[in-house]
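Worksheet for the structure shown next.
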Amino acid sequence: MFSHRSDFLRHLAQTSPEPMGLEIVSAKGLYLKGIDGKRYLDLISGISVNALGHQHPLLIKAIQKQSRKFSHVMVYGEMVQGPQVRFAKLLSSCLPEPLQSVYFVNSGTEATEGAMKLAKRATGRSGFVSFQQSYHGSTQGALSLMGGPYFTDAYLPLLPDIQQARYEEPESLNAITEKTAAVFIETVRAEAGAVPVSIDFLKKIQAKCKETGALLVLDEIQTGLGRTGTLFSMEQSGIVPDVLLLAKSLGGGLPLGAFIASPELMGTLSHKPVLGHLTTFGGHPLSCATGYAQLAYIRKQRLWEMAQERSAEFREKVAHQRIQKINGLAWLMGLEFDRSQTNFAVLKKALELGLVSDWFLFNDRSLRVAPALTIGSADINKAVGIIHRAIEAVGG
Ligand code: PMP
């Protein structure tokens, strides 16, 4: 079979000196098929995207059905497009008051950008607080929130008035003041290696936001739609943010993001100036139709419960003396090794043995575990077997 590898390296902009470079010819369920004819068990679902696995028949049907009716017809927000409205209504029915108004965008970083603008517009303030080792996207506003100088220093100056607080250190919340428009948080520090934030600390952040009038923005881009064992991870702390960010799995494998707030808050984007946030493709009908079909299925099957049960089974089975710590909630998990070299060697060996995983942006000692929520015991056993064989092959 013809390989695109050399053209990939020459004609596709590269972002890493060592891309994984696996060439995929097809994908189904939990498996990717490589050009080498090998099947690879996908333990990361395109980085927390394919909640139902690859090519789920329900999603294919939703794409086909909508593509026969209409695809792109108009920029966001002007025409009444059934797939957007139906999906926004379904999402709202899964969320607590006052999170009932959905602004669809194309990606996670755009959801962050939209929320930053909304917070500035609604509060009349310009300051933001985010947390160390946090990732909210790669465009310049979202990058300004990023908690790690390695990734931001080359792009300075970014937005001013941004401070980084530290999770689990209450005194660092003094960065939140009457000048803060919004505080961006995650409930599980996804790119720090899937480290959950304590409920007590989340409540402290919320209290500080209330005290100062800063909006609380919760990034559930990676944790959303069942991955952490509840439909939204915020259900585990009872925290209801002013703005909720979703993306990744939202479009059932097609590009889709959203920032969600109260109708009153969101209303500020429609005057002074009008068109306070614009997007041509945000809420694409195909993405919304697929997202709707996926969320309806997740809800009907209560897949977050399956995620809880199966991830507990995996946790128990994967434990190994060379794995120092298992972090995370349900299927947003990190297996931490002694050092990054061990992790890289295990990842490489696992790929040879037919398992795809990855490391985390701020934690290269940890191996990422974020499979489709539908993974069953047979594939769990297979993944654990490969991880253990890889660990043993790598040696001490
Ligand atoms: N927030 C979080 C928590 C993420 O994990 C990501 C993507 N890794 C983003 C925001 C940005 O999403 P996108 O890549 O779709 O812009």
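In this chain, numbering begins with 1 at the start of the sequence shown. Whatever order the structure lists them in is the order used to number ligands and atoms, beginning at 1.
Short contacts between ligand 1 and Ile221, defined as distances under 4.0 Å to a heavy atom of the residue, involve ligand atoms 1 (N), 2 (C), 4 (C), 6 (C), 9 (C), 10 (C). The Gln222 neighbourhood of ligand 1 comprises atoms 4 (C), 5 (O), with distances under 4.0 Å to a heavy atom of that residue. Close contacts between ligand 1 and Thr109 involve ligand atoms 11 (C), 12 (O), 13 (P), 16 (O) [criterion: under 4.0 Å to a heavy atom]. The distance from ligand 1 to the heavy atoms of Glu186 drops below 4.0 Å at these ligand atoms: 3 (C).
The closest side-chain donor-acceptor pair between Thr187 and Gln236, if any, does not fall under 3.5 angstrom.
Atom 1 (N) of ligand 1 has Asp219 OD2, 2.7 Å as its closest protein atom, hydrogens excluded (heavy atom only). In terms of protein heavy-atom proximity, atom 2 (C) of ligand 1 is closest to Tyr135 O, 3.3 Å. Considering only non-hydrogen protein atoms, atom 12 (O) of ligand 1 sits nearest to Gly108 CA, 3.3 Å. Atom 8 (N) of ligand 1 has as its closest protein heavy atom Lys248 NZ, 3.2 Å.
A parallel orientation is assigned to the rings of Phe87 and Phe104, their planes being inclined by less than 30° (bins at 30° and 60°). Aromatic ring pairs are classed by plane angle as parallel below 30°, tilted from 30° to 60° and perpendicular above 60°; the pair Phe281 and His72 is perpendicular. Ring pair Phe259/Tyr103 is parallel by interplanar angle, where below 30° counts as parallel and above 60° as perpendicular.
Counting non-hydrogen atoms of neighbouring residues, nucleotides and ligands closer than 6.0 angstrom, the NZ atom of Lys317 exceeds 12 such neighbours.
Both Met234 and Leu295 belong to a common hydrophobic cluster when Ile, Leu, Val, Met, Phe, Trp and Tyr are linked at side-chain heavy-atom distances under 4.5 angstrom.
Cation-pi geometry between Arg368 and Phe360 is met: the NZ or CZ atom falls under 6.0 Å from the ring centre, inside 45° of the normal.
Of the protein's heavy atoms, at least one falls inside 4.0 Å of atom 16 (O) of ligand 1.
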